[in-house]
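Structure first, commentary second.
Order of listing sets the numbers, starting from 1, for every ligand and every atom in it. Predicted, not measured: the structure shown is a model, and the values here were computed from it. All heavy atoms count here, side chains included; hydrogens, waters and symmetry mates do not. In this chain, residues are counted from 1 in sequence order.
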Amino acid sequence: MKRNKDNNLSRRSFLKGSAFIASSTAAGALFVAGNPELEAAPNTAAPKKRTTALAQCPYCGVGCGTIIQAENGKIVSMRPDKDHPTNYGLQCIKGLTAAEPMYVDRMEGDPYVRKDVWAEWQKPGHGDIEYISNSKGSFDEEHFIRVPYHDASDMVAHKIAHFAKKYSGNSISLYGSGQLTMEGQYLENLFMKGVLGSNTIEANARMCMTSAVTGYFATLGSDTPPLAYDDIEMSDMVMHFGHNARESHPIIFWRIADHKKKNDIPTVVVDPRATGTSKGYEDINDKNHVHVPILNGDISFLNSIAHVLLKDHPDVIDWDFLKKHVSGWKEYVEGVQSDYSPEQVQDRMGGVNHDVNPKKIRRVAQMFADATRKRLARSKGKQDGKGTGGVIIMWGIGYNQHIHGQHNVISIINLLTLTGNLAKPGCGPFSMTGQPNAMGERFTGGLTGRLPFNEGLGNLKHRKHMAKMWRIPEKNLDTAASSPNPGYAVGMMERALKDDLKAMFLVYATHIDLPDQYNLVRPALMKTFNVVQEIYRHAPNNLYADIIFPACTWGEVNGVYISSERRINITEKAAQGPQGCRPDMDMVIDKGKEIADLLGMDGDKIFPYQRGEDGEYDAEEVFRDVCRASQGTDADLTGILEREKLDGISPYEQLKTLRGIQWPAPNYDSAKNGGTKRRYMMQEGQWENRPYGYFRTKDGKVNMKLCKQDYSQRKEITEKLMEFGVKKDHYTIDNQDLIIKARDMGLTPDLPDEEFRGIPWKEVPKDKFPYWMGLGVVYEHFHTAKSNRSPTTQRLVPEMYVEMHELDAKDLGIKDGEWVRVVTRRGSLEARAQIGGTDSIVKPARNNVPRGYMFGPWNLSVADSADPKINKWLANGISNRCWDPVSGQVDFKKLAARIEKI
Ligand SMILES: Nc1nc2c(c(=O)[nH]1)N[C@H]1C(S)=C(S)[C@@H](COP(=O)(O)OP(=O)(O)OC[C@H]3O[C@@H](n4cnc5c(=O)[nH]c(N)nc54)[C@H](O)[C@@H]3O)O[C@H]1N2
Ligand SMILES: Nc1nc2c(c(=O)[nH]1)N[C@H]1C(S)=C(S)[C@@H](COP(=O)(O)OP(=O)(O)OC[C@H]3O[C@@H](n4cnc5c(=O)[nH]c(N)nc54)[C@H](O)[C@@H]3O)O[C@H]1N2
Ligand code: SF4
Ligand SMILES: [Mo]
């Protein structure tokens, strides 16, 4: 059956090299040309029709409220929303300039299909239906033909249905995104698991948040950050682990810094680099700020703090809480007491970049104890005995991204639980989400083994419930549940290399953000039939696409995003997308319907959504569907529907006027009051009749688990980890025992040849990699696509750089501003040397790395050009693919590298 519902099909439209491409073809070009479309937009002479729309910022997981301003149907600028409780009228440079990349290098018109793929499909009987293109690796115009949407979509549907029937649903994969609207994410999961019966659905959240997710599950029984941003201002101390908040979550950094300034709270930054975050707190008050420069030793450090508290500050141990609400605490207490004294930790972990000296550990423990005492003092005389305040531990992706990322997270929750800094306002664990809607991806279960609303695919009862709500046969979810996807995102790529995957959908996420590009990801993408939804003509995904569907983006679609504090924010459509572009959500529905039909189901029944006047599906209808399906779960949103029924206010209107609702919102009152601010403080009683301290684990208690670190076999184990990406036909999914062992001992994926430090770069043997190299984010850029196309942010930080300690640079014979090659066992990249931190002439000169450690931003990976013939800055050309055996997260921050002068 061929579906042909709307036909406003455009003619072939050809987007010639844009300002972005023209300006950046030469590697290292410092000059960024203007944006002609943008400059044309605010023409004061033209009659203006100005409209505004309310949205969550499209960038980081802070989720600032922003007002999109459009003129004559085009998005022209952003205004911070002064009424939004997250940012109160402030935004950072990225949010403020979010209009700039809207129309640069955009695709429009019909989908692009590889010429050879289309030619094969045109043959009698559609030729070889499994045919994939052999012109991959290039996005040159000559390889593509423009084909009307419905014809292109029809071809995709037939090929995918064929693969599903002949091989299995699980031979089809989807790599999705924490930047897509929640409605789109929900339907993608429905499509993959419900229609295809595939368990191979992964997302960029796998590189970002899953250690937090699996850490929360293991301890609290639910992927629920228990706090709200308002807890910041109630806290007596804030610690950051692997979190450069000043660059990555600026508004949250500003809120904490403001609180420090006003109330003089102590702060601790645990990070190998002396980051701008750490320096910012130091500038406010260096007497109560501590920087702990740890590389990989976080678990030992946290266990050691617990050791010191038990010994020297027993008054802050919450024995009552432990006895009533916690299991596993006895083993934890015994373990940290016997093996984690500051001296034992120093002996085991000491050395370069593991500066966990006993004095510093005791100082931080003292600060921690004092802050906890403040909360205890406030609890005196209180009826429920629970004061507010205490310690918040925030962590970022430098903490999740470890092969022991889940153990890292558990170790934070252990320490907070031991001291009762949990389940009270003003204290607790706070994972800062990376992407604007990574929380949506988690909420809708768009990952291997997950279903929506914090439930596992293994849960038969919930499978039955979701099958009913998704209007699909139960057996499809049973099939998905029994389908293996070992190794998550990395495993997905390894399976492609082993011919175990036939097709891949890439939606709003780029392959270049996955590790080991040259030995893993790019060879894998050569082997699968790839369906790409994209907005930019020169996006790296297009290099490997068999077919490209031009998409509408943020500001051009309706939907919701969920921020780090569980706040569901509206993101309204402010302008129509370019001609021929379609919302990602609509494309899920279209392909879902057609493929469901081809597989013998009723597509119209599964996706009963109607198109509105603009020819697009109504996202709010999907949102209502999500709320209905959430009934009775940990993430119940049915209060929003109750309120619609009683007060006649639509769900999106509720989200708009309240400036977001924090999930869950299980009943009318809760929805009306903006949802659930905090968890585990009797809020569960609202809809489940649960007492204080009820956690969603099997025994209803916090499950503590001692996580360990042991470097005694570090060299021999790490040597084996370093074979991935180097040894041929060697896969992580076949070596899980090794990875589990590395996780249990708290190791790194690489280990530098430290004995080759201190000599000029030319004298370092070619097979030696003496330095640590890490890859993270820089303030001015958000990921690798939009801000790279924004003239303002591109001008501020235009080129790839590598932060280097001045003494290491001197040893190597490299001067500030010189171009170097960073080489690992798996590949290399080029970057400008930024030496001596804030003293460097190379922008942005913000952080100081310790000796032996170097750092560069992955944000500028394709800012020179996405074209492989030109591209020299590709960060993941050098990374190691090893992943945490539970969370699937990869460590991008502990690579062994050699530096060469260019
Ligand atoms: N400007 C900007 N902001 C962003 C983004 C962006 O692209 N640009 N992206 C968003 C996304 S998706 C994410 S995930 C976040 C990421 O933002 P952050 O969470 O701040 O992550 P990173 O910069 O990746 O790493 C944070 C820090 O971890 C440190 N680190 C490295 N190894 C270790 C270690 O072993 N232990 C400890 N304790 N620290 C270590 C690094 O030195 C680094 O300073 O930012 C979000 N916000
Ligand atoms: N080396 C290294 N690698 C990392 C990390 C690291 O620290 N170091 N961090 C990891 C982390 S934390 C994350 S979150 C990931 C991020 O990885 P991604 O989220 O995959 O990165 P982006 O660069 O945002 O890629 C988004 C893609 O979607 C396209 N796009 C933009 N808007 C739209 C739209 O509306 N619709 C569609 N269909 N497409 C659109 C963009 O052009 C771009 O190709 O990277 C990970 N990779
Ligand atoms: S990037 Fe993050 S901090 Fe900056 S404006 Fe957007 S949401 Fe706010
Ligand atoms: Mo992220």
Is a donor on one side and an acceptor on the other found under 3.5 Å between the side chain of H291 and the backbone of R273? yes

Closest approach of Q401 and V890, non-hydrogen atoms and distance? CB-O, 3.2 Å

Quick one: which ligand 2 atoms are inside 4.0 Å of a heavy atom on A785? 23 (O), 41 (C), 42 (O), 43 (C)

Smallest separation among heavy atoms of S177 and V507, with atom names: CB-O, 3.5 Å

Could you give the distance from CG (D867) to NE2 (H538), rounded to the nearest 0.5 Å? 8.5 Å

Within 45° of the ring axis of Y229 and under 6.0 Å from its six-membered ring centre, is that where the NZ or CZ of R255 lies? no

Select all protein residues for which some heavy-atom-to-ligand 1 distance is less than 4.0 Å, and list them by chain and number. C60, K94, C208, G242, H243, N244, E247, S248, H249, V270, D271, P272, R273, T275, I294, L295, N296, D298, G396, I397, G398, H402, G434, Q435, G776, V777, V778, Y779, H781, F782, H783, Y853, F855, N859, K893, K894

Which of the atoms in ligand 2, numbered in the order shown and given with their element, are less than 4.0 Å from a heavy-atom of T553? 32 (N), 33 (C), 34 (C), 35 (O)

Does E188 reach the main-chain N or O of G176 with its side chain, forming a donor-acceptor pair under 3.5 Å? no

Whether Y281 and H289 hold their rings parallel, tilted or perpendicular, with breakpoints at 30° and 60°: tilted

Heavy-atom distances under 4.0 Å decide this one: backbone, side chain, both or neither, for N876 against ligand 2? side chain

Is the closest N or O pair between T510 and ligand 2 shorter than 3.5 Å? yes

I'd like to know whether ligand 2 has S861 as a neighbour, heavy-atom separation below 4.0 Å. no

Against heavy atoms of Q533, which atoms of ligand 2 measure under 4.0 Å? 37 (C), 38 (N), 39 (N)

Starting from the C-alpha separation in whole Å, work towards a yes-or-no answer on side chain to side chain contact (heavy atoms under 4.5 Å, CB included) for K872 and M800. CA-CA 9 Å; K872 298 264 185 327; M800 186 64 181; over 6 Å; no

Side chain proximity check, K591 to V156, heavy atoms < 4.5 angstrom: no

